[in-house]
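Following: one structure in structure tokens, then a few remarks.
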Amino acid sequence: MKALVFSDEPKNAREIITYLRGKMDIDAVSQEDKELVEYGADTVYFYRDGFVDNLSKFLADHIVKNKYDLVFISSTNLGRELAGLLSFKLKMKCMPEIFYLENKGKNITKRFFHGGKTVVEEESNLRMFTVSPGICDAEKADKKSEVRNVSLEKSIYKIINVKSKETAGTDIRNAKVIVSIGRGLGSQENIEKVMPLVETLHAEISGSRPVCLDYKWLSEDKQVGLSGKKVRPDFYIALGISGQIQHIAGIRGSKTIIAINKDKSAPIFEECDYGIVGDLFTVVPELVEKLKK
Amino acid sequence: MDIAVLVKQTVDMDQIKLNDENEPIMDNLPLKMDILSKNAVEAAVQLKEKYGGKVTGIIFGTERSTSTMKEAYAMGVDEGTVIKGYKKSDPMVTAGVIAEELRKAKYDIIILGDQSSDSYSGLMAGLIASELEINVITNAINIEIKDNTADITVESENEDVTVETDLPAVVSVAQEINEPRLPKVMQIMMAGKKNINIVDGNPKYEDDTKIISDKAPDSQRKKIIYEDGKGIDEIAKILKVVK
């Protein structure tokens, strides 16, 4: 069995290669990333200035020429565009957003459905997949990959402006401890009141969809959930987060979930390991004090 | 300019209940316009208001989809077609049916939501662009039309990138692009009287994908809940390991 992995985000490519390693032979196509050669792929192909048009052309030819049995595309903006284009071009139907794969003659896959409320397990002969980011923790392999640089055709799309965004701190997907805030915090000013907990635990801060998108208390790259980032920390501490299904789907990979919320009926208490029903503005300072001792 | 907007109708997912087997009960759920479809309709109507032209709404659904089309009318969509025959989520089949409808007229821009809120597949823009052999840009947060081109700003993790593309093009929009308007009562009433073009779709479901199970994942969590001021010592003890 021979598979091709594509991701414009090397981090996702590392995860997918780790996940598939040992089950099949793997080649990968990615933006240049020095580390990617250490994850056990046979050959990694690096490209520059990739757009949906020149990449889809390259990938279509490459997939046909190398007779890959399976194609895994990381679910990013560009990845989803490519999956759509390649499905028709190669007459390969795509199974979207998988986070589990088992090959038993047919492919058994799992993905979220109904907005994260359910997991649907399916059996198919499909050969193309988009892979939900965070399918596993990337781990290096003993084997080094062969590297080839690919030159793409000139794109018909033109970049006319790039504006960098202010993003504070590191990628929350790599965090070991996350303190996450929800609407229950009440206001942006109140973030200050939970910062001692964030600092004491050397944690990263994240937030629910309303906090990041609607109220903009935190930048968007800190949004956890099905439509935001899927995180897998050792500890996920949810402060004033009710736990809508959309959010829960983004934290299922966490080892331990701790919730503090004053509403006893909040759904987060059905999805946590430890919970405190109480006012977070009283509980958090007490907790910080105990931790400092 | 001629603008097409692709609208998706979904069940109200917040109202899905589970049976004893943890499976979703899908009967008699209310239907509504999908969240990002509202942003797509708003973006289409704003383009019309800024550059002139006409907005055509297209829904692949069932007889019951006319309510969502009326909602789109109330927001400013000029005319709409409901294609009947939708049976299940299958992006490639849906794209085929919608592309067939889109070929009947000439559109300068085709707008849709980036990912739908049920499966988050996000394949539709690429699939339709591929069928129609036109350009595609996804996750747009701003659209500026020039003569035969558009400058489209796309949101990514660390930067906003503005890309120039030829038209026609398929453009999917992110939630951040706008705040969908709430139609006034008068507009809702007017929308109710407007004609909706209803056609039979010809979906070819030939999929051999078999659903093994569809249920809410079991929570393996410990669910130890403290009340009445208790639990802080215990949680501090658990968190000590990270210090």
Side-chain angles (χ1 to χ4, degrees), chain A residues 52 75 77 80-85 87-89 93-94 96-97 108 111 113-115 117-126 156-165 167 176-177 201 213 221 226-227 234-235 256-258 264 269-278 283 286-287 290-291, chain B residues 13 16 24 91-92 115 117-127 129-131 135-136 138-139 151 154 156-166 175-176 207-217 219 221-227 229 231-236 238-240 242-243:
Chain A
V52 63
S75 178
N77 282 342
R80 291 186 295 268
E81 288 171 6
L82 286 168
L85 286 174
S87 295
F88 270 121
K89 238 182 190 166
K93 191 173 254 188
C94 177
E97 297 295 308
I108 315 281
R111 60 184 170 123
F113 205 63
H114 302 309
K117 199 146 211 155
T118 63
V119 169
V120 51
E121 185 178 1
E122 289 157 299
E123 185 189 86
S124 74
N125 291 312
L126 301 187
I156 55 170
Y157 298 90
K158 266 188 285 187
I159 290 186
I160 53 177
N161 189 30
V162 177
K163 199 172 105 200
S164 294
K165 282 199 248 187
T167 50
K176 290 286 170 210
V177 184
L201 294 170
L213 286 188
D221 58 319
L226 200 54
S227 61
D234 292 339
F235 291 96
T256 300
I257 297 176
I258 297 169
K264 195 181 164 183
F269 288 125
E270 291 297 315
E271 283 292 341
C272 72
D273 294 286
Y274 304 95
I276 295 182
V277 181
V283 175
E286 281 185 49
L287 187 58
K290 291 261 156 63
L291 284 168
Chain B
M13 271 162 292
I16 298 177
M92 215 161 159
Q115 287 173 290
S117 59
D118 52 0
S119 66
Y120 286 84
S121 303
L123 298 176
M124 204 50 60
L127 285 168
S130 179
E131 274 270 305
N135 286 0
V136 58
T138 58
N139 219 32
D151 289 352
V154 173
S156 72
E157 292 279 292
N158 309 315
E159 53 198 24
D160 291 341
V161 182
T162 305
V163 176
E164 184 190 283
T165 175
D166 289 339
Q175 196 194 10
E176 295 72 43
D207 200 348
D208 58 354
T209 299
K210 210 175 82 192
I211 293 178
I212 301 170
S213 67
D214 178 15
K215 48 182 169 183
S219 172
R221 301 285 166 196
K222 295 192 185 83
K223 290 185 232 177
I224 300 170
I225 312 295
Y226 301 96
E227 288 183 67
I232 294 173
D233 281 333
E234 287 80 354
I235 287 176
I238 294 156
L239 285 172
K240 280 270 172 175
V242 301
K243 278 203 67 200

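Throughout, protein chains are lettered first and strands after them, A, B, ... in sequence-line order, and every chain is numbered starting at 1. Quick caveat, the model's predicted, so the values are computed rather than measured.
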Go through the atoms of [X] and report whether side chain, backbone, both or neither lie under 4.5 Å from a heavy atom of chain B.
X        : result
A/Lys176 : neither
A/Lys117 : both
A/Ile159 : both
A/Val52  : side chain
A/Leu82  : neither
A/Ile258 : side chain
A/Val119 : both
A/Leu213 : side chain

Worked check of side chain to side chain contact (heavy atoms under 4.5 Å, CB included) between B/Ile224 and A/Asp273: CA-CA 6 Å; B/Ile224 300 170; A/Asp273 294 286; over 6 Å; no
In Å, rounded to the nearest 0.5 Å, how long is the span from [atom1] of [X] to [atom2] of [Y]?
X        : Y        : atom1 : atom2 : result
A/Ser124 : B/Lys210 : OG    : NZ    : 11.5 Å
B/Ile225 : A/Cys272 : CD1   : SG    : 3.5 Å
A/Phe269 : B/Arg221 : CZ    : CZ    : 14.5 Å
B/Glu131 : A/Ser87  : CD    : OG    : 11.0 Å
B/Leu127 : A/Glu81  : CG    : CD    : 11.5 Å
A/Ile276 : B/Ile235 : CD1   : CD1   : 3.5 Å

Taking all atoms of both residues into account, what is the closest heavy-atom pair of [X] and [Y], and its distance?
X        : Y        : answer
A/Tyr157 : B/Val136 : OH-N, 2.8 Å
A/Phe88  : B/Ser130 : CB-OG, 3.1 Å
A/Glu97  : B/Ser119 : CG-O, 3.9 Å
A/Pro96  : B/Ser121 : CG-OG, 3.2 Å
A/His114 : B/Asp214 : NE2-OD2, 3.5 Å

With a 4.0 Å cut-off on N to O distance, would you call A/Lys290 and B/Asp233 a salt bridge? yes
Are any of the side-chain heavy atoms of A/Leu287 and B/Leu239 separated by less than 4.5 Å? yes
Option in [options] with maximal non-hydrogen atom pairs under 4.5 Å from chain B:
options                              : result
A/Val283, A/Thr256, A/Val120         : A/Val120
A/Gly275, A/Ala83, A/Gly278          : A/Gly275
A/Lys89, A/Glu270, A/Arg80, A/Glu271 : A/Arg80

Looking at chain A, which one of [options] has the largest number of heavy-atom pairs inside 4.5 Å, strictly under?
options                                : value
B/Asp160, B/Leu123, B/Val161, B/Val163 : B/Asp160
B/Ala125, B/Gly229, B/Gly231, B/Gly122 : B/Gly122
B/Thr165, B/Asp166, B/Ile238           : B/Ile238

Distance-only donor-acceptor check, side chains B/Thr209 and A/Glu122, under 3.5 Å: no
Look only at the side chain of A/Asn77 and the backbone of B/Thr138, and say whether a donor-acceptor pair between them is shorter than 3.5 Å. no
Between [X] and chain A, which part of the residue has a heavy atom less than 4.5 Å away: side chain, backbone, both or neither?
X        : answer
B/Glu227 : both
B/Asn135 : both
B/Ser117 : backbone
B/Glu234 : neither

Salt bridge (Lys or Arg N to Asp or Glu O under 4.0 Å), that's the test. Do A/Lys163 and B/Glu159 meet it? Break it down for me. CA-CA 5 Å; A/Lys163 199 172 105 200; B/Glu159 53 198 24; over 6 Å; no
Give the C-alpha distance, both sets of side-chain angles, the deciding distance and a yes or no for side chain to side chain contact (heavy atoms under 4.5 Å, CB included) between A/Asn161 and B/Asp151. CA-CA 10 Å; A/Asn161 189 30; B/Asp151 289 352; over 6 Å; no
